[in-house]
Engineer: 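Just passing along the structure, written as structure tokens.
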Amino acid sequence: MKDSEAADVLSLRRHNLSLVLHHLRDHGQSSRIEVSGDTGLGAGAVTSLVGELIGYGLAEEVGLRGTGSAGRPRRLLTLGHNSVAAVGVRLDPTFISVRVTDLAERERYQEQAPHGLTAPTVDEAAKALAERVTLAVGDWHARTVSVVVAVPGWTDRGIVTSVPFGWRLAPLLAALHEHLPGIGPVALVNDGNLETWAEYQSLRLTGVRDLIYLAGGLGAGGGVVVDGRLVYGAHGAAGELGHLEVEPGGLPCPCGRRGCLERYVSLQALLERTGIGEHERGVEEIAERAERGDPATLRALREAAERIHSVVMNARMLLNPQVVVLGGHFGRLVKWLGPVIAQDTLRVSPPFEVRAAGHGRDAALHGATCFAAAAILDDPLLVTRPT
């Protein structure tokens, strides 16, 4: 067999194994006949593929289901419990969070703790991350440990540029591989993209394939899903709606530009505009004042919503999303922000829905574990070869 033919056969095998795994992820316990019917794969092919997946520990038989007739009961399949440890890690300027699930995204471990590092070097951060991953996996003898790290910055082929950490073109992935030998695959993804992915995973089975996610916090981050795929762009910076200009020549932004959206809609900006200032219950105080009809608060929220609306409408013309999801403090304040953001002043395309995010502060962590599991679901052969 020629090399090209062998590559085609391997690619087809990988694709078909992935089809079966995705079916089990989306439908739960299924018989071989059900897998065949839903995937379009022949019965014989499914039998062979399932046998291979069981051998890898990626699928397992869990019992029998009667057919409701005189036929033989059907053996049920589900995703394997112990072959893959999907590890999501969130790197924050003050803490590291870790969440571990199995391939079916059943949680096995979650922990958050300060990392105690001040202005860490890339190697110091990688070492701290590796220690937490090793602790989280513990004595779970998974065949494959898939790791995804949520980072506050842009990532491009393992190189990170992060304003909060003061990194520019930092080789974080290479440093992680040094401290996590034998573990893989390992990937770095922007935290806003992972929050976006977490929200998409919550909505995809309802038919949503296209969405824009925008979250407010210290700044404003987000991401974009188009036809069920997370959009990265050439260097991993796609979906950074918080850095679109809403005020030409406006306030300076840490990104180096002026007038970026996040400078006007961040939590700190809203606290200043409402006259609340520093407040440990900042978001709740804004919501409570808005409920009471406080004019200054309602005016500040209206102005913030109008700025977000202008960004969303421009993005809408390019992407035509079904849903715009608001996270962070935007989600808490969706009652006042949503109606303004959803105003359809263009009337040139179908309307979109604005809704609050379903995940809270752990959205990036949930997105990371989903992403880590998806690496194996998309390429089951990762469990059979070095990474």
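Predicted, not measured: the structure shown is a model, and the values here were computed from it.
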Engineer: Regarding Arg332 and His329, do their side chains bring together a donor and an acceptor under 3.5 Å, going by distance alone?
Structural biologist: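 Checked: Arg332/His329 side chains show no N/O donor-acceptor pair below 3.5 Å.
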Engineer: Mind telling me whether His366 and His359 have parallel, tilted or perpendicular rings, with 30° and 60° as the class edges?
Structural biologist: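 If you compare the ring of His359 with that of His366, the planes turn out tilted.
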Engineer: Counting only heavy atoms not in Arg106, do more than 12 sit closer than 6.0 Å to its CZ atom?
Structural biologist: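 Result for CZ/Arg106: enclosed.
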Engineer: Do the side chains of Arg307 and Glu247 get close enough for a salt bridge, i.e. N-O under 4.0 angstrom?
Structural biologist: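 Yes, charged N to carboxylate O under 4.0 Å.
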Engineer: Inspect the contact between Arg75 and Glu60 and indicate whether a charged nitrogen and a carboxylate oxygen are less than 4.0 angstrom apart.
Structural biologist: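 Arg75 and Glu60: not salt-bridged.
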Engineer: How far apart are the C-alpha atoms of His22 and Asp378, what are their side-chain angles, what is the distance that settles it, and do they pass the side chain to side chain donor-acceptor pair (under 3.5 Å) test?
Structural biologist: CA-CA 8 Å; His22 276 281; Asp378 292 342; 2.8 Å; yes
Engineer: Going by distance alone, is a donor N or O of one side chain under 3.5 Å from an acceptor N or O of the other, for Arg99 and Thr369?
Structural biologist: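 Result is yes, a qualifying pair exists.
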Engineer: Looking at Lys335 and Glu291, is there a salt bridge between them, counting it only when a charged N and a carboxylate O are closer than 4.0 Å?
Structural biologist: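 Between Lys335 and Glu291 there is a salt bridge, with a charged N closer than 4.0 Å to a carboxylate O.
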Engineer: Among Val311, Leu261, Val324, exactly one meets side-chain contact (heavy atoms from CB on, under 4.5 Å) together with Leu214. Which residue is that?
Structural biologist: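 Running side-chain contact (heavy atoms from CB on, under 4.5 Å) over Val311, Leu261, Val324 with Leu214 returns exactly one hit, Leu261.
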Engineer: Think Arg108 forms a cation-pi with Trp140, using NZ or CZ under 6.0 Å from the six-ring centre and within 45 degrees of its axis?
Structural biologist: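 Yes, Arg108 lies over the aromatic ring of Trp140.
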Engineer: Answer yes or no: is there an ion pair linking Arg204 with Asp26, defined by an N-O contact shorter than 4.0 Å?
Structural biologist: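 A salt bridge is present here (some side-chain N lies under 4.0 Å from a carboxylate O).
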Engineer: Can you label the angle between the Tyr200 ring and the Trp197 ring as parallel, tilted or perpendicular, going by 30° and 60°?
Structural biologist: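 Plane angle between 30° and 60°, so tilted.
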Engineer: Using distance alone, with no hydrogens and no angle criterion, decide if Asp123 and Thr121 have a side-chain donor and acceptor under 3.5 Å apart.
Structural biologist: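 No, because no side-chain N or O of Asp123 sits under 3.5 Å from a partner of the opposite role on Thr121.
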Engineer: If we check side-chain contact (heavy atoms from CB on, under 4.5 Å) with Leu103, which of these qualifies: Leu79, Thr144, Leu24?
Structural biologist: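 That would be Leu79.
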Engineer: Should Phe95 and Val133 be counted in the same cluster of Ile, Leu, Val, Met, Phe, Trp and Tyr side chains packed under 4.5 Å apart?
Structural biologist: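 No; Val133 is not reachable from Phe95 via cluster members.
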